[in-house]
Q: 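I'd like to ask you about the structure that follows.
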Number of protein chains: 2
Amino acid sequence: MGPRTANLLRDAGIQPSAQRVAVAAYVLETCDHPTADQVWARVRKSFPMISRATVYNTLNLFVKKGLLRQYTLADGKTVFDANVGRHHHFIDERTGRIYDLPWEALSVAKLDSLDGFEVREYHVVVRGRAKSAARRRA
Amino acid sequence: MGPRTANLLRDAGIQPSAQRVAVAAYVLETCDHPTADQVWARVRKSFPMISRATVYNTLNLFVKKGLLRQYTLADGKTVFDANVGRHHHFIDERTGRIYDLPWEALSVAKLDSLDGFEVREYHVVVRGRAKSAARRRA
DNA sequence: TTCAAGACCTAGACTTAATCTAAACGCAAT
DNA sequence: ATTGCGTTTAGATTAAGTCTAGGTCTTGAA
């Protein structure tokens with residue numbers, strides 16, 4: 001973190017306040033898929049006075065500026081993902097944990113034949129169990 | 001509805017109380033993807049005394065017994081789907097409306113090569129705009 | 001028919017995620 | 001120092017969902 005993170009925000013057109021840098025330092029670096037409240041809990045460890053509203057506002061701002069993506073994949077929970085490129089998702093049904101799958105790992109055919117639907121984007125959601133190797137990797 | 005619906009419940013191992021039949025009559029017949037509160041609002045029109053807890057309990061029971069599936073695809077909203085077979089989903093980004101896509105409409109390749117992940121099920125989530133033809137169809 | 005037991009339902013309190021609001025803060029430019 | 005604007009704060013509010021304690025209905029046996 002530090003000036004690197006601040007420049008990242010500036011480049012995205014965001015004023016790098018102390019609170020925003022603190023949120024960015026965690027959420028843009030992790031490869032977890034935290035919920036807003038998980039981000040709040042985490043950032044408060046190093047920044048105890050930060051309010052919930054600020055964390056929510058900041059996360060939504062990052063999404064609007066393209067630094068984050070927001071998904072609701074399971075349990076009605078909204079999570080954030082610093083991986084903004086195209087990719088698929090794997091959900092471990094035991095733990096609820098979400099893993100990113102590389103875009104090239106899967107391929108979807110016949111999308112063009114979806115009559116009556118104008119496709120802008122798509123991704124595959126896979127459910128099952130992650131073996132220990134994958135758990136370490138993510 | 002009527003005796004047909006009651007038998008459907010009995011076949012699934014569910015005591016067909018009046019409330020359960022009322023919920024089933026709507027949610028098992030619609031091809032919408034209603035939230036629990038939308039089901040509650042709808043069923044109350046014909047059954048004003050039904051409580052919110054009963055609707056939630058009933059929907060969860062139907063899911064457990066395999067009559068419904070439960071998805072959280074967008075907006076952090078949990079929706080119910082009477083289509084319990086394999087299928088994909090299309091989400092209209094303007095309206096938030098969800099459409100079922102037939103399983104055969106798409107095909108996913110390379111799933112077996114997901115090293116480190118034990119796949120139990122998967123589906124494709126497509127986003128875009130539904131043209132009027134599709135809107136009528138669903 | 002009557003009764004007890006168990007299943008089912010109800011209203012409302014509670015929990016949690018998320019947003020909103022109004023006031024306060026902080027900093028840049030004057 | 002002062003003004004002004006963007007940012008942050010605490011707490012209220014909304015909404016989705018669950019829980020609880022008690023009430024009602026149904027069923028089956030006496």
Side-chain angles (χ1 to χ4, degrees), chain A residues 5-6 9-10 12-27 33-44 46-65 67-81 96 98, chain B residues 3 5-6 9-10 12-27 33-65 67-81 96 98:
Chain A
T5 309
L9 297 187
R10 248 187 295 267
I14 297 172
Q15 282 289 339
S17 72
Q19 288 88 341
R20 286 169 177 173
V21 170
V23 171
Y26 168 55
V27 83
H33 295 71
T35 65
D37 266 19
Q38 283 167 350
V39 175
W40 186 41
R42 176 66 176 256
V43 171
R44 253 192 312 176
S46 58
F47 205 136
M49 298 311 298
I50 197 168
S51 93
R52 175 196 290 265
T54 298
V55 172
Y56 276 82
N57 289 339
T58 300
L59 290 171
N60 289 333
L61 180 64
F62 287 1
V63 169
K64 194 166 64 186
K65 295 297 189 176
L67 296 177
L68 277 183
R69 301 204 59 178
Q70 193 174 26
Y71 294 101
T72 62
L73 296 169
D75 303 324
K77 293 195 179 308
T78 298
V79 301
F80 295 88
D81 188 345
I98 297 166
Chain B
T5 308
L9 297 187
R10 248 185 295 270
I14 297 172
Q15 282 291 339
S17 71
Q19 288 88 341
R20 287 169 176 175
V21 170
V23 171
Y26 168 55
V27 82
H33 294 71
T35 65
D37 267 18
Q38 283 167 350
V39 174
W40 187 40
R42 175 66 176 258
V43 171
R44 254 192 311 176
K45 285 182 187 168
S46 59
F47 206 135
M49 298 310 299
I50 197 168
S51 92
R52 174 197 289 264
T54 299
V55 172
Y56 276 82
N57 289 339
T58 301
L59 290 171
N60 290 333
L61 179 65
F62 287 0
V63 169
K64 195 165 62 184
K65 294 296 190 180
L67 296 177
L68 277 182
R69 300 204 61 178
Q70 193 175 25
Y71 294 100
T72 63
L73 294 170
D75 303 324
K77 293 194 179 311
T78 298
V79 301
F80 295 88
D81 189 344
I98 297 166

Q: Check A:Leu9 against A:Ala24 and note the closest heavy-atom contact, atom names and distance.
A: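 Heavy atoms only, the tightest pair is CD2-CB, 4.1 Å.
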Q: Check whether B:Trp40 reaches the backbone of B:Tyr56 with its side chain - one donor and one acceptor, N or O, closer than 3.5 Å.
A: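 Checked: no pair found.
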Q: Closer than 3.5 angstrom, by distance alone: can the side chain of A:Thr35 be matched with the main-chain N or O of A:Thr78 as a donor-acceptor pair?
A: no
Q: Answer yes or no: does a side-chain N or O of B:Thr78 lie under 4.0 Å from OP1 or OP2 of D:dA16?
A: no
Q: What's B:Thr35 touching, base or sugar-phosphate or nothing? Going by heavy atoms closer than 4.0 Å.
A: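 Touches nothing.
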Q: Relative to the 5' end of DNA chain D, which residue comes earlier, B:Asn57 or A:Thr58, by the nucleotide with the nearest heavy atom?
A: A:Thr58
Q: For A:Gln38 and A:His33, work out which heavy atoms get closest and say how close.
A: OE1-O, 4.3 Å
Q: Just call it for A:Asn60: base, sugar-phosphate, or nothing, with non-hydrogen atoms closer than 4.0 Å on any strand.
A: sugar-phosphate
Q: Determine whether B:Ile98 and B:Tyr71 make a side-chain contact, defined as any pair of heavy atoms from C-beta on separated by less than 4.5 Å.
A: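 B:Ile98 vs B:Tyr71: side chains apart.
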Q: Please report the distance, rounded to the nearest Å, between CZ in B:Arg20 and P in D:dT24.
A: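 These atoms are roughly 19 Å apart.
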Q: Anything under 4.0 Å to a heavy atom of chain A counts; send over the first and last such nucleotide of DNA chain C, read 5' to 3'.
A: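 Extent of the interface on DNA chain C: C:dA17 to C:dC20.
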Q: Could you tell me whether the phosphate oxygens of D:dG6, OP1 or OP2, come under 4.0 Å of any side-chain nitrogen or oxygen in A:Gln15?
A: no
Q: Grab the CE-P distance between A:Met49 and D:dT8 for me, whole Å please.
A: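 One finds 14 Å between P of D:dT8 and CE of A:Met49, rounded.
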Q: Taking only the side-chain heavy atoms of B:Tyr56 (C-beta and beyond), determine which of D:dC19, D:dA16, D:dT9 contains the nearest atom.
A: D:dA16
Q: Could you give the angle between the helix axes at the two ends of the helix from C:dT1-D:dA30 to C:dT30-D:dA1, with five pairs per end, rounded to 10 degrees?
A: 0°
Q: Counting only side-chain nitrogens and oxygens, does B:Arg52 get under 4.0 Å of the OP1 or OP2 atom of D:dC19?
A: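 No.
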Q: Could you pick out which residue, B:Ile14 or B:Pro48, lies toward the 5' side of DNA chain C when each is mapped onto its nearest nucleotide?
A: B:Ile14
Q: Which of these passes side chain to side chain donor-acceptor pair (under 3.5 Å) with A:Asp37: A:Arg42, A:Arg52, A:Lys77?
A: A:Arg52
Q: Restricting to salt bridge (Lys or Arg N to Asp or Glu O under 4.0 Å), what partner residues turn up for A:Arg69, sequence neighbours left out?
A: A:Glu121
Q: Classify B:Thr54 by what it touches in the nucleic acid, base, sugar-phosphate, or nothing, heavy-atom distance under 4.0 Å.
A: base
Q: Given side chains that start at C-beta, do those of A:Thr58 and A:Val27 come closer than 4.5 Å, heavy atoms only?
A: no
Q: Have a look at A:Ser51 and say if it touches a base, only the backbone sugar-phosphate, or nothing, with a 4.0 Å heavy-atom cut-off.
A: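 It contacts base atoms.
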Q: Taking the side chain as C-beta and beyond, is there a heavy-atom pair between B:Val23 and B:Phe47 under 4.5 Å?
A: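 A side-chain contact is absent here, since even the closest heavy-atom pair is not under 4.5 Å.
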